[in-house]
Participant: 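What follows is a structure written as structure tokens; I'll ask about it next.
No experiment lies behind these values; they were computed from the predicted model shown.
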Amino acid sequence: MTIRVIIVDDQAMVRAGFAALLAAQPDIDVVGEAPDGRQGVEVARTTHPDVVLMDVRMPELDGLAAAREILDPPPGVVHRPKVLMLTTFDVDDYVYEALRAGASGFLLKDAPPADLIAAVRVVAAGDALLAPSVTRRLIADFAASRPAAPRGDRAALRLNGLTPRETEVLELIAQGLSNQEIADRLVVAEQTVKTHIGRVLAKLDLRDRAQAVVFAYESGLVTPGGGR
């Protein structure tokens, strides 16, 4: 299956470089480009991509606002692609807010070409936040900069709907472990882990594991330091 991608970035050279790199892959088709967030939303609505590469800081409409419009479309718009944020910054609150809005992860613009290609494939497949090392750095920065969240009644009620094993899987996701690492930790098959993750997302009404990480911290299930 071919992955349909659009690139939204205010730098023409960045768009051209990414487009050339991705279009050279047999399983990726670049179906559109846009120089700002407003046009990015329009292109996403007309081309129906699987993945949107979205720059964080742009004129007209920034990447965060554009991601929100794409991921939370108005009535009548049914297509919702995955959004992968592009940034020149390592980790900042802006990117975290993008994850809260439903973006599937982020990638540094100066990442190696192989990382960009892999990121598109991973996000298209539904695995958010990309490499575990990137996940761990994001989580470490998030945990260090924010106090532990008190567990509210609503969050507690949602968590109570999980089985003990599903709760354990959610904790491990929030610690930045990959599916295989979770499988090794729990001594189960990777497919079993995928099944647990699917149930966790469905029960908590979360889009993907990026939102699962955010929920785990904001609900107080996982606290700075990596434990309950």
Side-chain angles (χ1 to χ4, degrees), residues 2-25 27-74 77 79-131 133-135 137-138 141-142 145 207-208 210-211 213-214:
T2 301
I3 302 169
R4 295 168 59 84
V5 177
I6 68 170
I7 302 165
V8 186
D9 194 293
D10 61 343
Q11 299 181 52
M13 290 184 65
V14 170
R15 296 197 309 273
F18 283 5
L21 178 66
L22 294 173
Q25 309 308 309
D27 59 337
I28 298 176
D29 186 13
V30 178
V31 297
E33 300 178 19
D36 59 62
R38 175 57 58 205
Q39 292 186 51
V41 173
E42 295 173 359
V43 172
R45 297 265 165 83
T46 57
T47 61
H48 295 170
D50 300 302
V51 178
V52 177
L53 293 180
M54 180 76 73
D55 188 21
V56 169
R57 305 181 190 280
M58 292 181 294
E60 297 298 327
L61 190 69
D62 64 39
L64 176 57
R68 283 175 173 154
E69 287 197 23
I70 290 173
L71 295 168
D72 188 20
V77 177
H79 181 72
R80 291 204 309 170
K82 305 287 186 179
V83 175
L84 176 60
M85 305 302 296
L86 301 170
T87 178
T88 54
F89 304 94
D90 195 358
V91 175
D92 58 20
D93 285 345
Y94 199 100
V95 175
Y96 171 70
E97 289 300 324
L99 295 177
R100 289 189 63 191
S104 294
F106 75 99
L107 185 71
L108 298 179
K109 285 188 178 181
D110 60 359
D115 285 5
L116 172 65
I117 296 167
V120 168
R121 290 171 176 156
V122 167
V123 168
D127 272 335
L129 286 179
L130 315 179
S133 61
V134 175
T135 305
R137 188 172 68 246
L138 173 67
D141 282 14
F142 167 56
S145 62
R207 179 176 169 82
D208 54 31
Q211 290 193 327
V213 171
V214 172

Participant: Check side chain to side chain donor-acceptor pair (under 3.5 Å) between Asp50 and all other residues, then give those that pass, not counting sequence neighbours.
Facilitator: none

Participant: Heavy atoms, side chains only, cut-off 4.5 Å: are Val30 and Ile7 in contact?
Facilitator: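 Heavy-atom side-chain distance check passes, below 4.5 Å.
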
Participant: So which heavy atom on Ala19 is nearest to which on Glu33, and how close?
Facilitator: CB-OE2, 3.6 Å

Participant: Does a side-chain heavy-atom distance below 4.5 Å link Ile6 with Val52?
Facilitator: yes

Participant: Nearest 0.5 angstrom please: Leu116 CG to Leu84 CG, how far?
Facilitator: 7.5 Å

Participant: Which heavy-atom pair separates Ala67 from Met85 by the least distance, and what is that distance?
Facilitator: CB-SD, 4.2 Å

Participant: In Å and rounded to the nearest 0.5 Å, what is the CZ to CD1 distance from Arg121 to Ile28?
Facilitator: 5.0 Å

Participant: Are Val56 and Leu86 packed together at the side-chain level, in the sense that at least one heavy-atom pair is separated by less than 4.5 angstrom?
Facilitator: no

Participant: Is there a side-chain contact between Asp29 and Ile3 in this structure, where contact means two heavy atoms from C-beta onward sitting under 4.5 Å apart?
Facilitator: no

Participant: Walk me through it: do Arg38 and Glu69 pass the test side-chain contact (heavy atoms from CB on, under 4.5 Å)?
Facilitator: CA-CA 9 Å; Arg38 175 57 58 205; Glu69 287 197 23; 3.0 Å; yes

Participant: Begin with the C-alpha distance, continue with both residues' side-chain angles, and end with the deciding distance and a verdict on side-chain contact (heavy atoms from CB on, under 4.5 Å) for Met54 and Ile70.
Facilitator: CA-CA 11 Å; Met54 180 76 73; Ile70 290 173; 3.6 Å; yes

Participant: Given the rule in the side-chain contact (heavy atoms from CB on, under 4.5 Å) test, do Val5 and Leu53 qualify, once you have shown the distances and angles that lead to the verdict?
Facilitator: CA-CA 7 Å; Val5 177; Leu53 293 180; 4.2 Å; yes

Participant: Donor-acceptor pair, distance only, cut-off 3.5 Å: does the side chain of Arg80 make one with the backbone of Leu71?
Facilitator: yes

Participant: Are Arg15 and Pro35 close enough that some pair of their side-chain heavy atoms sits under 4.5 Å apart?
Facilitator: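 Answer yes - side chains close enough.
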
Participant: Taking atom CG of Leu64 and atom CZ of Arg57, what is their separation to the nearest 0.5 Å?
Facilitator: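 That separation rounds to 10.0 Å.
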
Participant: Listed by chain and number, what are the salt bridge (Lys or Arg N to Asp or Glu O under 4.0 Å) partners of Asp115, not counting sequence neighbours?
Facilitator: none

Participant: Does Gln11 offer a backbone N or O that forms a donor-acceptor pair with the side chain of Asp9 under 3.5 Å?
Facilitator: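 Indeed, once roles are kept as given, a pair shorter than 3.5 Å links the two residues.
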
Participant: For the residue pair Pro81 and Arg4, establish whether any side-chain heavy-atom pair is separated by less than 4.5 Å.
Facilitator: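 Of all side-chain heavy-atom pairs linking Arg4 with Pro81, none is under 4.5 Å.
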
Participant: Can you give me the closest heavy-atom contact between Ala34 and Gln39, atom names plus distance?
Facilitator: CB-C, 3.7 Å

Participant: Excluding sequence neighbours, so at least two apart, what forms side chain to side chain donor-acceptor pair (under 3.5 Å) with Asp72?
Facilitator: none

Participant: Is there a donor-acceptor pair under 3.5 Å between the side chain of His79 and the backbone N or O of Pro49?
Facilitator: yes

Participant: Using a 4.5 Å cut-off on heavy atoms from C-beta on, say whether the side chain of Lys109 contacts that of Asp55.
Facilitator: yes

